[in-house]
Amino acid sequence: EPFSLSPWNSFFPTIQKPFSGNARIERLTLSLPLSRPAETEFHALMQFENVGGEIPPNFLNYPHLKVEGPFLMDLKGDVSFTRGKINKLNLNGLVDLSQMDLSTPSFRKEKNIPLQVSLQTSTSADTIHIQKTTWILKNMEASLTGQLKGISTSPLYDLSLTTSNISLN
């Protein structure tokens, strides 16, 4: 059954945007052997329906990465990784990070700058099929289609990337 994310709000009393929406996670398997990280396994069937919330300031404590602020996602996924191999990466949905503040040493996106990612991917055998993935950042839109073959051995990429006109102003 779907579960509400609103009870998570009690763990983060200082956030401005409370967690909302429903999530469903089925067949979750997580194996994280600390002495053998290469043997990590993750499998899950997930559904996030209008899930919104906020990553509090300093929640992710990495010196060269800043991720904080509100997010919204509507995403379905069937994901499986085993020992560094992608078995399934079936994703369909939208993630909106427009209100987040994101930065690394070489990239900065302040809050209120549009950033949305829509995904539609599937897998078969040793191939990830990208039916359409679209990124919107500020006034630029980029769409990616194609496939990644041999994902667990020697990857071959057959991708098409198109962008809108990009203004440098």
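Note: hydrogens, waters and symmetry copies are ignored here, and every other heavy atom, side chains too, is used.
Taking a 6.0 Å sphere around NZ of Lys76, one finds it holds 12 or fewer heavy atoms contributed by other residues, nucleotides or ligands. Within a 6.0 Å radius of NZ in Lys149, no more than 12 heavy atoms belonging to other residues, nucleotides or ligands are found. More than 12 non-hydrogen atoms from other residues, nucleotides or ligands lie less than 6.0 angstrom from CZ of Phe42. In this structure, Phe107 places its CZ atom where more than 12 heavy-atom neighbours from other residues, nucleotides or ligands lie under 6.0 Å away.
To the nearest 0.5 Å, the span separating CG on Leu102 from CD on Glu110 amounts to 11.0 Å. Between atom CD of residue Gln99 and atom CG of residue Leu115 there is a gap of 11.0 Å, rounded to the nearest 0.5 Å. Rounding to the nearest 0.5 angstrom, the gap separating the CE atom in Met46 from the CZ atom in Arg24 is 14.0 Å. Here the straight-line distance linking atom CD of Gln147 with atom OG of Ser124 works out to 8.0 Å at 0.5 Å rounding. One distance of note links CG of Leu97 with CD1 of Ile113; it measures 13.0 Å at 0.5 Å rounding. To the nearest 0.5 angstrom, Ile128 atom CD1 is 5.0 Å from Leu89 atom CG.
Nearest heavy-atom pair across Ala142 and Thr163 is CB-CG2, 3.9 Å. Between Ile55 and Met100 the shortest heavy-atom distance is CG1-CE, 3.5 Å. Nearest heavy atoms, Ser98 versus Asp96: OG-OD1, 2.7 Å. What you find for Asn90 and Ser122 is that their closest heavy atoms are OD1-CA, 3.1 Å. Taking each heavy atom of Ser143 and Lys132 in turn, the nearest pair found is OG-CE, 3.7 Å.
Checking side-chain atoms of Ser164 against main-chain N and O of Glu141 turns up a donor-acceptor pair under 3.5 Å. Between the Gln47 side chain and the Ala23 main chain, no donor and acceptor come within less than 3.5 Å of each other.
Partners of Asp74 by salt bridge (charged side-chain N to carboxylate O under 4.0 Å, His left out), not counting sequence neighbours: none found.
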Chi angles and distances behind the side-chain contact (heavy atoms from CB on, under 4.5 Å) call for Lys88, Asp78
CA-CA 7 Å; Lys88 268 189 200 172; Asp78 188 359; 3.2 Å; yes

Test salt bridge (Lys or Arg N to Asp or Glu O under 4.0 Å) on Arg108 and Asp101; report intermediate values, then the result.
CA-CA 8 Å; Arg108 171 112 171 113; Asp101 191 359; 2.7 Å; yes

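Under the 4.5 Å side-chain heavy-atom criterion for ILVMFWY residues, no single connected hydrophobic cluster contains both Leu91 and Leu45. In terms of hydrophobic clustering, with Ile, Leu, Val, Met, Phe, Trp and Tyr side chains grouped at heavy-atom distances under 4.5 Å, Leu72 and Phe19 are assigned to different clusters. A single hydrophobic cluster is seen to contain both Ile25 and Phe71, as judged by linkage of ILVMFWY side chains at heavy-atom distances under 4.5 Å, directly or through other members. Both Trp135 and Met73 are part of a single hydrophobic cluster, where members link through side-chain heavy atoms under 4.5 Å apart. Under the 4.5 Å side-chain heavy-atom criterion for ILVMFWY residues, no single connected hydrophobic cluster contains both Ile136 and Leu161.
A donor-acceptor pair shorter than 3.5 Å cannot be found between the side chains of Gln120 and Asn92. With no hydrogens or angles considered, a side-chain donor-acceptor pair links Asn87 and Thr82 at under 3.5 Å. Inspection of the Thr29 and His43 side chains reveals no N or O donor paired with an N or O acceptor under 3.5 Å.
Looking at heavy atoms from C-beta onward, Leu75 lies in side-chain contact with Leu119 at the 4.5 angstrom threshold.
Each of Ile130, Thr121, Thr123, Thr127 was evaluated against Leu148; a single residue qualifies, Ile130, per the side chain to side chain contact (heavy atoms under 4.5 Å, CB included) test.
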